[in-house]
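Worksheet: one structure, shown below.
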Amino acid sequence: MLGLGILKGLSVTLRHLVDTYLSDLRRFPRRYAPQGRARRLHPTERGIFTVQYPEERLEMFPRFRGALMQLVNPETAIPKCTGCGICARSCPVGVIEVVRAEEKRGGQYVPQSYTWDLSSCLFCGLCVESCPFGALHHTPEYELSSYGRKMGELIYDLDRLLAWGQEYAPDGVPPVEKEK
Amino acid sequence: MQRMETGLRTETITVNMGPQHPSTHGVFRMIVTLDGETIVDLEPVMGYLHRCQEKIGERNTYLQNIPYTDRLDYICSMSNNMAYVMAVEKLAQIEVPERAEYIRIIMVELTRIVNHMLAIGALLNDLGCFFTPMLYGLRERERILDLFEMASGSRMMCNYMRFGGVRYDLPPSFMAELKSVVAALPAFIDEFERLLTENEIVLVRCRGVGVLPPEKAIAYSCTGPLLRASGVDYDIRKVDSYSIYERFDFDVPLGRNGDVYDRYLVRIGEMRQSLRILEQAIEGIPEGEISVKLPRVFKPPEGDVYHRIESPKGELGFYLVSDGSTNPYRYKIRSPTFINLTVLPELCKGHKVADVVAILGSIDIVLGEVDR
Amino acid sequence: MAFLNDLFVNLSKWLSSFLAQFLPTWAVELIMMLLTIVSLIIFVLVTIMFINWLERKTVGRFQDRYGPNRVGPLGILQFVADAIKMFTKEDITPANADRAIFNLAPVIVVVPTFLVLAVLPFGRGMVAADLNIGFLYIVAVSSLTTIAILLAGWGSRNKYSLLGGMRVVAQMISYEVPMVLSALGVIMLTGSLSLVSIVEGQSRVPFILLQPLGFLIYFISAVAEVNRAPFDLPEAESEIIAGYHTEYSGMKYAMFLLAEYINAFIVSSIAATLFLGGWQGPLLPPYLWFILKAYGIYFLLMWLRFTLPRLRIDQLMGLAWKFLVPLALVNLLVMGLVMTLTQGRGLITLVLASLVANGLIVAAVVTIYGFAKWRRKTMRVAT
Amino acid sequence: MSKEIYERLAKEFPESSLDYLEGKDPAISVNADDLFEMALHLKEKEGYDYLSAVTGVDYPDRFEVVYHLYSMRERKEPLILKVSASKEEPEVASVTPIWPGANFQEREVYDLVGIRFAGHPKLTRILLWEGYEGHPLRKDFPIEGHRAIGQEEPS
């Protein structure tokens, strides 16, 4: 009553103000620590909480549902994808288009073309979930914005997805499965 | 009345609050008739975010609808997942493994905390707090969203639950992180309360504003914190005790006066109760299977079911009609905030313009769910 | 040290004597006056830049974030970026607006803020015009802002603006009363309306020790007077978009913003002058003391703004007329009594007596409040 | 539970053609003409004070409105009422006077399925705009809509 509650509230915000300076002092002289995020997100940590994006980047969890990638069988160097199109059918918005190649390669079907239209993708992961061959996976890639919506900008083809596969899972094992 | 005695001719003015307005929580419009600053009449107009999700739901297969439920109430995707998934499980009579039930309850109760933090933060924003409580709430929310991301791969659009279980098992480090978050949250809620609960300005702005008597709350089909703030003891977790809620010991916080302040208190109380449930769930979670195997082409039997859960905003129900094919014949979403909005004009009449935003904030709407 | 203390005064003396060598007296006077005005304007512009940056940095810290940190070191150039953005924005006049009034309002709104600066004593001898009715002048001039804002609200032909404009008139006129009443106590103590004499009257003890209640009332009504949270109803974002400046963009909007920030700074300076002893203080040069005190009060303003929600219009009026005005009157009466009773008994007696008197007033308020609450409770039980 | 209420209702309204529908959620099928009386009876006498959901379904041979009733005060078992309406002129009595919470839901059903509710205080479109053609949740409504928005843009 009579302003005591207001004073209490004021003390809370003041404490936050002071805490940010204290946490700065503790990290002095580094303002943006690349590994600062783990500490900052620690539940008992007080002080500055935000991540200064270009300087500090969040490390994605292995399950993070970022851009799609196509894996390659490391022994045969042939894409694991057989172009069966189950992913395309499981997609609620139909952003995947697969055409199976006429000829087999190394004893398996391969896709002739595979396009992923980012512009209306939900990133729900149902395609990855439905892939019977474990060929399709998520990358931790999230900086996907672009100035156009053409092929290579918001529409990705097989080569791009395979390149991501090489980058994030060169041994043919996606990050999710390395979790344990 | 007094004005008429003085003989001055006064007119009411009609103001369109929204669709572009800072405190309509999205694109929501209220046609407000004002006498000076007092509300004479108010008419909510909605549908600016309408995507006809129910039609999309009829086009999709049962599984493809799960990511769409994420986008209903985009703050509580986990509880939307759960309501839909449980409705389909009821339709197809699928038994869920125990571990999956525990995982679901952990996720849904975390969602409740997230939602109430945002609801209170947004309410205080509407009252004119310059984002401070909102950002404090968002900061804690971020920690919980990290848990969601760790488990499901996405912060907000989790798409985590599946018919007969959940998508993945919990990651190895999840329980430890969860424990530390749950251990730290009471201190945060205490701080939130120190900042707001006794604040005189919050008190004068919220007490006695938008009073909803219990009879009216029931008649208008209000659910969730809005209903319980009016003192009606009706929590679907207790009433239906769906999933495994009967195993947990928790109370249902009730309000006394049914005003904006009581809704705030009920939300704070529910956060604390959710923490209690979480602690028990952490204790009791067993090892084991996390989902049952379903055929790749999932065709539930014919019939119709309605299943409802206590989502953070109220009763979230799914009414499904199946004709035995892979797609639902009818996919109806009973969204809590859409129906809670029915009572908005009643609550606002006679109050000031400033109270309208407070009342709207206390109903806690999300337009993704109102408009579907 | 003495050199630093009177840096600006000496500078102006030196300049005027230098000019007097080859110019007639009236010309020297004119040039010196112009120089004063120019330096005041520069001071205002620098202050607004700094305050804007400071406010955004502080709100960031209050909310566990850094605030602007992209433009320049520590984001200090953020204001420049904002200014460039504002100047290059399209200047929109609504089709149905009352053009003359709409365009006039942003000009009028900045005038009083500059006028008030003329009588503020920034340091020993650093005052543009030492009016003997200084405080009266401030009160008179600063109420012009009300008109400007009402013009803006009316001229925009927007319902939100109109609501904002109406709120401004109600709020600013109401809060002027307790503001002046609380300052009267200070004027009673010094016996002068001149701000310079008020500062000099505090050479031994700042008036906040004699009038803590007066300071509190002044501070609350000053916050309301400059429309800052928790009394920012005229531009309540969550209710009426931006109130009276909803329709303004570009430069005109910048004018309102400028007036708002400068007004807040001026109000803090006046509070520092009236209650905190103005430029008086040990060690540091006087003008630094003045700035420090003003920013100290400004920090309080920011702190309130970033913590509290805003009041409703009827509660706001109630606070002014039902609480602050009676309290200010009682305070005035009690101060008069104390001053009469302790006349000629030395300063310490006066300080102690005033503190006791203020304590008694607070105790009385608490008692009445508690009684009213108890009464309400028993009445509710009875009915 | 629903069975008992069905029997009591059948006794109370001997003239009306009630039907008990077995299923995962047992329901009572009600004649459209008796809906209002029966709803009033259920609220006043049986304690079903809370109308949870009103749903319109377009079946091949009929329209159906489904009411999910609960009792908040007495916590009875849920009760589901199903009312059929003709394909040509679907109209059902509005229950908004009984449960005000049905207001927006009935407007929504009218908007999306096109079932009229007689006696509704303001039966206008709620989610779609005034002047919209057709009712999207009818099965004969094309998924891509009558007229796609922004069709003139090259895809």
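The shown structure was predicted, so the numbers you read here are calculated from the model rather than taken from an experiment. Chain letters run A, B, ... following the sequence lines, proteins first and then strands; every chain starts at 1.
Among the candidates Ile126(D), Asp111(D), Leu112(D), the single residue satisfying the side-chain contact (heavy atoms from CB on, under 4.5 Å) test with His50(B) is Leu112(D).
Most heavy-atom pairs under 4.5 Å with chain B: of the set Arg73(D), Arg125(D), Arg107(D), this distinction falls to Arg73(D). Interface summary for chain D: among Tyr306(B), Phe338(B), Tyr319(B), Tyr220(B), the most heavy-atom pairs under 4.5 angstrom belong to Tyr306(B). Chain D forms the most heavy-atom pairs under 4.5 Å with one residue out of Lys90(B), Arg308(B), Glu315(B), and that residue is Arg308(B). Most heavy-atom pairs under 4.5 Å with chain D, from the set Leu49(B), Val232(B), Asp240(B), Leu227(B): that is Leu227(B). Among Ile56(B), Val343(B), Asp233(B), the residue making the largest number of heavy-atom pairs under 4.5 Å with chain D is Asp233(B). Taking Asp49(D), Asn103(D), Thr96(D) one by one and counting their heavy-atom pairs under 4.5 Å with chain B, the maximum is reached by Asp49(D).
Side-chain contact check for Leu137(D) versus Arg330(B): some heavy-atom pair is nearer than 4.5 Å. Pro214(B) places none of its side-chain heavy atoms less than 4.5 Å from the side chain of Met72(D). The shortest side-chain heavy-atom distance between Val239(B) and Tyr70(D) does not fall under the 4.5 Å cut-off. For the pair Lys122(D)/Glu43(B), a side-chain contact is recorded, criterion being any heavy-atom separation below 4.5 Å from C-beta on.
For Asp304(B), the parts lying under 4.5 angstrom from a heavy atom of chain D are both the backbone and the side chain. Proximity to chain B (any heavy atom under 4.5 Å) is restricted, for Val66(D), to the side chain, taken from C-beta onward. Interface remark: Glu58(B) contributes side-chain atoms only to the contact with chain D (heavy atom separation under 4.5 Å). Of the two parts of Val370(B), only the backbone, made up of N, CA, C and O, holds a non-hydrogen atom closer than 4.5 Å to a non-hydrogen atom of chain D. Neither the backbone nor the side chain of Thr124(D) comes within contact range of chain B; no heavy atom of the residue lies under 4.5 Å from a heavy atom of that chain. Using a 4.5 Å cut-off between heavy atoms, Val305(B) touches chain D through backbone and side chain atoms alike. With a 4.5 Å cut-off on non-hydrogen atoms, Ile339(B) touches chain D through its side chain but not through its backbone.
Within a 6.0 Å radius of NZ in Lys299(B), no more than 12 heavy atoms belonging to other residues, nucleotides or ligands are found. More than 12 heavy-atom neighbours from other residues, nucleotides or ligands sit within 6.0 angstrom of CZ on Arg59(B).
The backbone N or O of Thr55(D) lies less than 3.5 Å from no partner atom in the side chain of Arg334(B), so there is not a single donor-acceptor pair. Listed for the Lys55(B) side chain is a donor-acceptor partner under 3.5 Å among the backbone atoms of Phe141(D).
Ionic pairing of Glu108(D) and Arg372(B) is present here: one or more N-O contacts between side-chain nitrogen and carboxylate oxygen are shorter than 4.0 angstrom.
Ring planes of Tyr50(D) and Tyr234(B): perpendicular class, angle over 60° (limits at 30 and 60°).
Residue Leu51(D) comes nearest to Ser221(B) through the heavy atom pair O-OG, 2.7 Å, listed as atom of the first residue, atom of the second, then distance. Asp58(D) and Tyr329(B) get closest at one heavy-atom pair: O-OH, 2.5 Å. The two atoms that bring Tyr59(D) and Val321(B) nearest to each other are OH-CG1, 3.4 Å, heavy atoms only.
Summarising the geometry, atom SG belonging to Cys52(B) is positioned 6.5 Å from atom CG belonging to Leu128(D); distances are rounded to the nearest 0.5 Å.
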